[in-house]
Amino acid sequence: MVKQSASKPSMTKTSITKQPLRLLMDFDAQIQRDGQQTSDFIHRRDRKFALNCEEHNSPSDPAHWLAWLGRFDNSCEQSAGAGQSTEQRWQRINSGFIAMGAVLGIITMAGLLFYDGGQRINVTVIIGFVALQLLLALLTSLQSVMGWQPWRPLLNRCMPASDPALQPLQPALMARAAQGGGLSFAVAALLTLLAMVVTQDLAFGWSTTLNTAASGYHQLTSALAKPWAWLWPAAVPDPALVEATRFFRAGTNTALTPARWGQWWPFISMLWLVWVVLPRLLLRLLASALVRLRARQLLLRHPGLSALRERMATPVLDTGAGHNDASDLPDTRHNTLLQPLPEKAQLLSWAGAGTVTDKQTLPAALAAICPGPALDVGGLASLSQDQQAIAQLAANSDAVTALMLVRSWEPPTGELLDFLTSARQSWPAGSRVCLLPLAAETREPSATATDRQLQPWLRFAERCPPGFVTVGDIAITTGLSHS
């Protein structure tokens, strides 16, 4: 049975802020824990959750289901830790990539801008390095979309085998970590570039072994500078600068003043910002969105979610079987006998049995036994209405004696057992309930159930607390023979 608090559990509309990855891992851990429970237990538990959601108009999604379980079962904290530990482990991985990216970014940019006063810093090399960074960023995202894991053997050496529910997310998670490291690399390199521009007198120029004219090189730099040309025209090299800053392996350009050698830095700064930093930032955001999207998809396709929805939508039936082995026949034995109806009792109608709407239609025997108004409980009645009926009967007398009409052709349900359990806990000692199975909607004395229909109800009464629930018969009370 589900552990219940002293007060009635309530479903509030508190927002669930769990991330999809954490929710997926928590849900998977809870489903694995449910595998250690009996199917009857989890069916009744989840059915009760669905009824609570219906009564309070609350969402019945996995997040609220986990939150609801956490209110009754302290062991759910273990399953909640599964999602938290997964998030923390990947946060450590992301932090490692970011730290390593920052260090490499500083070292790489310092190497690219190394200037000993003899040879100029080749802008062509920097352009090529920017193109390489852009290509690596795109390949990282592409392998994530395709699910390719070239780094998988290395990850297996550093980390233990991950949960099966997490394995489909590995490419997206690694891509997010790699893009975070790449973004850190790009930002650290840009800051290093700006710091060296301020603290050193850098001399830029361009050179290539290919037979390239200055006009062609200017077209290349102009094409690269188009994204920021409208914003910062000074960061677009003009033809004169391109023509004047070309240098050769063995020769000097005496026509150029050394002051112009540093005029390339605006172009290089914007080149790095636009073609390295911004793509890394956008791809990092895309990788995070992809992780959330795939986590939601995996949760929606989780086999445990379909089973959970089935349990929430299907009422719990008490078939009388002692266990769930389908190869065995149900236990049809019972030692309980039909009892006469009480002399005075409060009348209850379970799930509309007897259609108690007009006292004039009551048989004379029931009208004499139940002088008070009848109360509808179970079925379409909400849980709050059931609790109000229990409280109303408890307030009218010291020890409650209730006569409950039920349909004989319907097997006893788990909801009925929950109602009787709640009533026994709320009513004073000595209270009792007499079940009267009816064979049809009309309540004629001769319409009591057949023996075969009464057997499940007699077995149901045996499993209830001794002396609290009995099964009554109008024929015994009125002295008529029971057919």
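Contact of the Ser269 side chain with the Leu194 side chain is registered, since non-hydrogen atoms from C-beta on lie closer than 4.5 Å. Residues Arg432 and Trp427 form no side-chain contact, since every pair of their non-hydrogen atoms from C-beta on lies 4.5 Å or further apart. Leu224 has its side chain out of reach of Val274: every pair of non-hydrogen atoms, C-beta onward, lies at least 4.5 Å apart. Taking 4.5 Å as the limit, every side-chain heavy atom of Val130 sits out of range of all side-chain heavy atoms of Leu134. Taking 4.5 Å as the limit, every side-chain heavy atom of Leu348 sits out of range of all side-chain heavy atoms of Leu405. In this structure, Arg44 and Lys48 have side chains that are not in contact, with every pair of non-hydrogen atoms separated by 4.5 Å or more. Looking at Leu193 and Ile268, their side chains come closer than 4.5 Å, going by heavy atoms from C-beta outward. Val187 has its side chain within reach of Val277: a pair of non-hydrogen atoms, C-beta onward, lies under 4.5 Å apart.
Minimum interatomic distance between Ile93 and Ala177 (heavy atoms only, all atoms of both residues): CG2-CB, 4.2 Å. Counting all heavy atoms, side chain and backbone alike, Pro227 lies closest to Trp275 at CG-CZ2, 3.8 Å. Between Ala399 and Ala429, the shortest heavy-atom distance links the atoms CB-O, 3.9 Å. When every heavy atom of Leu290 is checked against every heavy atom of Ser144, the shortest pair comes out as CD2-OG, 3.4 Å. Here the closest heavy-atom approach between residue Ala402 and residue Ala345 is recorded as C-CB, 4.1 Å. Phe49 approaches Pro59 most closely through the heavy-atom pair CZ-O, 4.3 Å.
Residues Gln179 and Arg280 bring a donor and an acceptor atom of their side chains to less than 3.5 Å of each other. Side-chain atoms of Asp376 and Trp350 include no donor-acceptor pair closer than 3.5 Å. With no hydrogens or angles considered, a side-chain donor-acceptor pair links Asp28 and Gln32 at under 3.5 Å.
Between the CG atom in Leu51 and the NE2 atom in His56 there is a gap of 10.5 Å [rounded to 0.5 Å]. To the nearest 0.5 Å, atom CG of residue Leu300 and atom OG of residue Ser306 are 9.5 Å apart. We find the CG-CG distance between Leu69 and Asp34 to be 7.5 Å, quoted to the nearest 0.5 Å. Atom CD in Glu310 sits 12.0 Å away from atom CG in Leu305 (nearest 0.5 Å). Taken from CH2 in Trp68 to CZ in Arg45, the straight-line distance is 7.5 Å, to the nearest 0.5 Å. Between the CZ atom of Arg176 and the CG atom of Leu286 there is a distance of 12.5 Å, given to the nearest 0.5 Å.
A donor-acceptor contact shorter than 3.5 Å links the side chain of Arg47 to the backbone of Met312. Put simply, the side chain of Ser288 gets close to the backbone of Arg284: a donor and an acceptor are under 3.5 Å apart. In this structure a side-chain-to-backbone donor-acceptor pair under 3.5 Å is present from Asp386 to Gly378. Between the side chain of Ser422 and the backbone N or O of Asp418 there is no donor-acceptor pair closer than 3.5 Å. The backbone N or O of Gly180 sits nowhere less than 3.5 Å from a side-chain atom of Ser184 that would complete a donor-acceptor pair. Listed for the Ser431 side chain is a donor-acceptor partner under 3.5 Å among the backbone atoms of Pro428.
Paired with Met404 under the rule side chain to side chain contact (heavy atoms under 4.5 Å, CB included), one option of Leu436, Leu375, Val433, Val469 passes, and it is Val433.
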List the steps and the verdict of side-chain contact (heavy atoms from CB on, under 4.5 Å) for Thr86 and Arg22.
CA-CA 7 Å; Thr86 301; Arg22 185 170 183 175; over 6 Å; no
Start with the C-alpha gap between Thr108 and Thr192, add the side-chain angles, then the distance that decides, and say whether side-chain contact (heavy atoms from CB on, under 4.5 Å) holds.
CA-CA 9 Å; Thr108 302; Thr192 303; over 6 Å; no
Test side-chain contact (heavy atoms from CB on, under 4.5 Å) applied to Arg292 and Leu21, step by step:
CA-CA 7 Å; Arg292 292 193 294 271; Leu21 174 61; over 6 Å; no
Determine, stepwise, if the pair Trp65 / Asp46 fulfils side-chain contact (heavy atoms from CB on, under 4.5 Å).
CA-CA 8 Å; Trp65 178 66; Asp46 298 337; 3.0 Å; yes
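Between Phe267 and Trp228, the angle of the ring planes lies from 30° to 60°, which puts this pair in the tilted group. Note: His302 and Phe27 have perpendicular aromatic rings, judged against thresholds of 30 and 60 degrees for the angle between ring planes.
More than 12 heavy atoms of other shown residues, nucleotides or ligands fall within 6.0 angstrom of atom CD in Gln297.
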